[in-house]
Amino acid sequence: CEVVHDRFALRRLPPLTDRDYSVRGCTALLVAGFGIQDSIAEIVDKQYEEIMQYDSMLTFSADSTYQQRDQVETKLKEDKQIKAYEGIMQKNATVNDDGEETNVTLIIAEDSSDFNEFVLMQNRRSKEELHLNSDGAIITEKLSKNLGVSVGDNVSITLENGQMKEVKITGVMENYVGHTLYMTPGYYKELSGERTVVNAYYIQMKEVSDETEAALGSRYMELDGVSSMSFYSGVAKSFEDTIASISFVVYVLIGAAGLLAFVVLYNLTNVNISERTREIATIKVLGFYPKEVSSYVYRENIVLTLIGGLCGLVLGIALHALIMNLAEMPEVMFGRNIEPLSFVYSMILTLVFAMIVNIVMYRRLRQIPMVESLKSVE
């Protein structure tokens, strides 16, 4: 019996390209689905914890006086709830991109030497830390991609007063939300002829909670010249709620992958069994147990599922990158990472879908008649 079994097992198997493609497509969809969740979920942590290392932003009204701003700074120095603060000048500008104007924010740091303690400026790929200097400005990555510029290029911007200036790019920093240009007071004066006047503060708090934020906000909003005080913990929470709804997309992709795998694998396995009816009936007549008969067919399914699944992992990376590029909004950049566990889950689910098909087809194998099948004409 073993000799006969080996002879049938080693016969040239019929071409199963469609099955292989179905498994690849199934695994690729799963990788893309889990990858979308990984890439979007990282935005909150990276943008509002790693990059933006300040907890609050206080802004002055346009008509505030120097005396009012000095009073606010004095209060910031004395406030026991505040760990550190950084004065900035925030300006609006526009960038002309092939006839379309893109709004950008200019941030001029009062003290550029310790600015990285409030905004982490680094290259996303190399993780090299970037520093402000008087040779040019640091631009956010999404704006760099939209404009098609890189380090060493110039960007034409229009300031609030209508002046059009050429800004040299000295660095492209990792950033996921908004378009920003960071520069030193010296470079801004060289660019516009104006000196830097602080109109906002980045604030780091010793303790972040709803109570401390409410107390801090009410305390400073009472001061003359203060226009607003925003806290980024609330922004991060609302962003997390938005991202949570995207999990539905992942479930849809998993369902679509399972349906694709089941329908195609079921049909092709059914055809495969139909074409091998005489062979299966023969090994039944020779006394093979049901487990041995099923393994004769399932061995091929498992091997092809493993091969197709591994190919699908690679295809899923490309599909994930394509989806991320198409889904991005003009002012938001999604991550590009896929966690290692996502690959593991995708492969496991692919194998689970294939095993479900095998279990369903087991009944079909048991019902193959031996005598009638041996009488059929090939």
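Predicted model, so just to flag it, every value in this text is computed and none were measured.
Side-chain contact annotation: H179 with T105, donor-acceptor N/O pair under 3.5 Å absent. Between the side chains of Q122 and E129, no donor-acceptor pair is found at a separation under 3.5 Å. A donor-acceptor pair shorter than 3.5 Å cannot be found between the side chains of E174 and N123.
Atom OH in Y251 sits 6.5 Å away from atom CD in Q37 (nearest 0.5 Å). In this structure, the separation between CD on E49 and CG on L120 is 12.5 Å, given to the nearest 0.5 Å. Rounded to the nearest 0.5 Å, atoms CZ (R24) and CG (L313) are 12.0 Å apart. For the atom pair M205 CE and S56 OG, the distance stands at 7.0 Å (nearest 0.5 Å). To the nearest 0.5 Å, atom CD of residue E101 and atom OG1 of residue T94 are 4.5 Å apart.
Side-chain contact between F60 and Q68 is absent, with no heavy atoms from C-beta onward closer than 4.5 Å. Between Y220 and K75, the closest side-chain pair of non-hydrogen atoms falls below 4.5 Å. No side-chain heavy atom of Y176 sits under 4.5 Å from any side-chain heavy atom of V332. Contact check for T184 versus I108: no side-chain heavy atoms found under the 4.5 Å cut-off. For the pair Y54 and E117, the minimum side-chain heavy-atom distance is 4.5 Å or more. For the pair F231 and L216, the minimum side-chain heavy-atom distance is below 4.5 Å. Contact annotation: the side chain of V119 never approaches that of M52 to less than 4.5 Å [non-hydrogen atoms, C-beta and beyond]. Taking 4.5 Å as the limit, every side-chain heavy atom of Q47 sits out of range of all side-chain heavy atoms of M333.
Contact between S134 and E190 at its shortest, heavy atoms only, is O-OE1, 4.1 Å. Here the shortest heavy-atom pairing between E160 and N92 reads CG-O, 3.0 Å. Closest heavy-atom contact between V226 and M221: CG1-SD, 3.9 Å. Considering every non-hydrogen atom in both L159 and S192, the closest pair reads CD1-CB, 3.7 Å.
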Show your reasoning for whether side chain to side chain donor-acceptor pair (under 3.5 Å) applies to N337 and E339. CA-CA 6 Å; N337 70 306; E339 297 296 329; 2.9 Å; yes

Give the C-alpha distance, both sets of side-chain angles, the deciding distance and a yes or no for side chain to side chain donor-acceptor pair (under 3.5 Å) between Q204 and Y85. CA-CA 6 Å; Q204 292 177 347; Y85 62 91; over 6 Å; no

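Remark: the backbone N or O of V198 is paired with a side-chain donor or acceptor of R69 at under 3.5 angstrom. With K206 contributing its side chain and K80 its backbone, the two residues share a donor-acceptor pair below 3.5 Å. Using a distance-only test at 3.5 Å, with no hydrogens or angles considered, a donor-acceptor pair links the side chain of E86 to the main chain of D111. S227 places no side-chain N or O within 3.5 Å of a backbone atom of T59 that could act as its donor or acceptor partner. Under a 3.5 Å cut-off, the side chain of D153 and the backbone N or O of V149 do not form any donor-acceptor pair. Looking at S112, its side chain never comes within 3.5 Å of a backbone N or O of A109 through a donor-acceptor pair. Of the possible donor and acceptor atoms, one in the side chain of T212 sits under 3.5 Å from a partner among the backbone N and O of S209. Not one N or O on the side chain of S144 forms a donor-acceptor pair closer than 3.5 Å with the backbone of T140. Put simply, the side chain of N175 gets close to the backbone of G178: a donor and an acceptor are under 3.5 Å apart. The backbone N or O of G225 sits less than 3.5 Å from a side-chain atom of S61, completing a donor-acceptor pair.
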Give the table of side-chain donor-acceptor pairs shorter than 3.5 Å for residues 342-356, with sequence neighbours excluded, one pair per line with atom names and distance.
residue: S342; atom: OG; partner: D38; partner atom: OD2; Å: 2.5
residue: S346; atom: OG; partner: V31; partner atom: N; Å: 3.3
residue: S346; atom: OG; partner: S342; partner atom: O; Å: 2.7
residue: T350; atom: OG1; partner: T27; partner atom: OG1; Å: 3.0
residue: T350; atom: OG1; partner: S346; partner atom: O; Å: 2.8

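When the side chains of ILVMFWY residues are joined at heavy-atom separations under 4.5 Å, either directly or via intervening members, L143 and Y182 end up in two distinct hydrophobic clusters. Residues I107 and I139 are members of separate hydrophobic clusters, defined by side-chain heavy-atom contacts under 4.5 angstrom among Ile, Leu, Val, Met, Phe, Trp and Tyr. Linking ILVMFWY residues whenever their side-chain heavy atoms come closer than 4.5 Å, directly or via other members, places V172 and Y187 in the same cluster. There is a path of hydrophobic side-chain contacts, each under 4.5 Å, that joins L106 to I169. Follow the hydrophobic side-chain contacts under 4.5 Å out from L58 and you never reach Y202; the two are in separate clusters.
Electrostatic pairing of R219 and D79 counts as a salt bridge here, judged by a charged N lying under 4.0 Å from a carboxylate O. Between E331 and K142 no salt bridge is recorded (no basic side-chain N to carboxylate O distance below 4.0 Å).
Every residue two or more places apart in sequence or in another chain was checked for a side-chain hydrogen bond (donor to acceptor under 3.5 Å, both in side chains) with E50, and none qualifies.
Of the candidates M121, E110, H131, M121 is the only one forming a side chain to side chain contact (heavy atoms under 4.5 Å, CB included) with F115.
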